Amino acid sequence: PFGDIVALAVTAAERTYPLPAADSVSIDRAAQVIVARAQNHVFAFALSCPHQNAGVKWVEKSNRFQCTKHDSKYQPDGVYTSGRATRNLDRFPIRRNQDTIVVETSRLFLSDKDPAGWQAATVTVG
């Protein structure tokens, strides 16, 4: 499933969302955050493509993200697969709090600058 999401709680540095119950992609347009669940992991991505900051959309029939400007393509976990981009989708730090996830929107992990931080920016579920 795909759709819009609204934060349950918002502070200056964090946004809290319901824990996705199944594989899905949701977008908080106000905060420019994508919350995705895939293969028992939850991720929070920046809505912009790392190439030139154009918006990224979910292409459900292909089960991937795609840049709206130059068609860079990404797996559901944000891993870059093709196009003009030179790195994976940028991830926000994320943690689980019971049946919610908390996204730290004041920081981003860039896969080419902090590979370990980027790799760790996930919550394992199910």
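From a predicted model like this one, the values you see are computed outputs, not experimental measurements. Any value given below was found using the heavy atoms of this structure, including those in side chains, with hydrogens, waters and symmetry copies removed.
Considering CD1 of Ile94 and OG1 of Thr105, their distance stands at 12.0 Å, rounded to 0.5 Å. The distance from atom CG of Asn88 to atom CZ of Phe45, rounded to the nearest 0.5 Å, is 9.0 Å. Of the inter-residue distances, the one linking Trp58 atom CH2 with Ser26 atom OG reads 11.0 Å to the nearest 0.5 angstrom. Remark: Arg107 CZ to Asp114 CG distance equals 8.5 Å, nearest 0.5 Å.
Hydrophobic clustering (side-chain heavy atoms under 4.5 Å, transitive across Ile, Leu, Val, Met, Phe, Trp, Tyr) keeps Leu19 apart from Val25. Ile5 and Val103 fall within a single hydrophobic cluster, where Ile, Leu, Val, Met, Phe, Trp and Tyr are joined by side-chain heavy atoms under 4.5 Å apart, directly or via other members.
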**Request:** Could you check Leu89 against Phe65 for side-chain contact (heavy atoms from CB on, under 4.5 Å), going step by step and ending with a plain yes or no?
**Result:** CA-CA 9 Å; Leu89 288 177; Phe65 294 102; 3.9 Å; yes

**Item:** Stepwise salt bridge (Lys or Arg N to Asp or Glu O under 4.0 Å) test for Asp90 and Arg87
**Value:** CA-CA 8 Å; Asp90 298 334; Arg87 68 174 188 261; 2.9 Å; yes

**Request:** Please lay out, stage by stage, how Val125 and Arg96 fare under the test side-chain contact (heavy atoms from CB on, under 4.5 Å).
**Result:** CA-CA 9 Å; Val125 292; Arg96 184 172 181 173; 3.8 Å; yes

**Item:** CA sep, side-chain torsions, deciding dist, call: Phe43, Phe92, ring-ring contact (aromatic ring centres under 6.0 Å, His included)
**Value:** CA-CA 8 Å; Phe43 309 94; Phe92 291 104; over 10 Å; no

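Checked against side-chain contact (heavy atoms from CB on, under 4.5 Å), Ala38 has the following partners two or more places apart in sequence or in another chain: Pro76. Every residue meeting the side-chain contact (heavy atoms from CB on, under 4.5 Å) condition with Ser62, not counting sequence neighbours, appears here in chain and number order: Val59, Arg64. Listed by chain and number, the residues in a side chain to side chain donor-acceptor pair (under 3.5 Å) with Arg37 amount to none (sequence neighbours excluded). Lys113 meets the side-chain contact (heavy atoms from CB on, under 4.5 Å) test with Leu110; sequence neighbours excluded. Judged as a side-chain contact (heavy atoms from CB on, under 4.5 Å), and not counting sequence neighbours, the contacts of Asn97 are Thr100, Val102.
Under a 4.5 Å side-chain heavy-atom cut-off, the cluster of Ile, Leu, Val, Met, Phe, Trp and Tyr residues that includes Leu8 has no other member. Val10 belongs to no hydrophobic cluster with other residues, because no ILVMFWY side-chain heavy atom falls under 4.5 Å from its own, directly or through intermediates. Side-chain heavy-atom separations under 4.5 angstrom define the hydrophobic clusters, and the remaining members of the one that includes Trp118 are Val79, Phe109.
Applying the salt bridge (charged side-chain N to carboxylate O under 4.0 Å, His left out) definition to pairs two or more places apart or across chains, none involves residues 44-53. Legend: salt bridge (charged side-chain N to carboxylate O under 4.0 Å, His left out) pairs involving residues 4-18, not counting sequence neighbours, sorted by first then second residue: Asp4-Arg29, Glu14-Arg95, Arg15-Asp28. Here salt bridge (charged side-chain N to carboxylate O under 4.0 Å, His left out) pairs that include residues 70-86, with residues two or more places apart or in two chains, number zero.
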Let me have the donor-acceptor pairs involving side chains of residues 47-57, under 3.5 Å, with sequence neighbours excluded, atom names and distances please.
| from | atom 1 | to | atom 2 | distance (Å) |
| --- | --- | --- | --- | --- |
| His51 | ND1 | His70 | ND1 | 3.3 |
| Gln52 | OE1 | Lys69 | NZ | 3.2 |

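Side-chain contact between Val42 and Thr122 is absent, with no heavy atoms from C-beta onward closer than 4.5 Å. In this structure, the side chains of Ile101 and Val35 come closer than 4.5 Å at one or more pairs of heavy atoms.
Side-chain N or O atoms of Tyr17 include none that pairs as donor or acceptor with a backbone N or O of Pro20 at under 3.5 Å.
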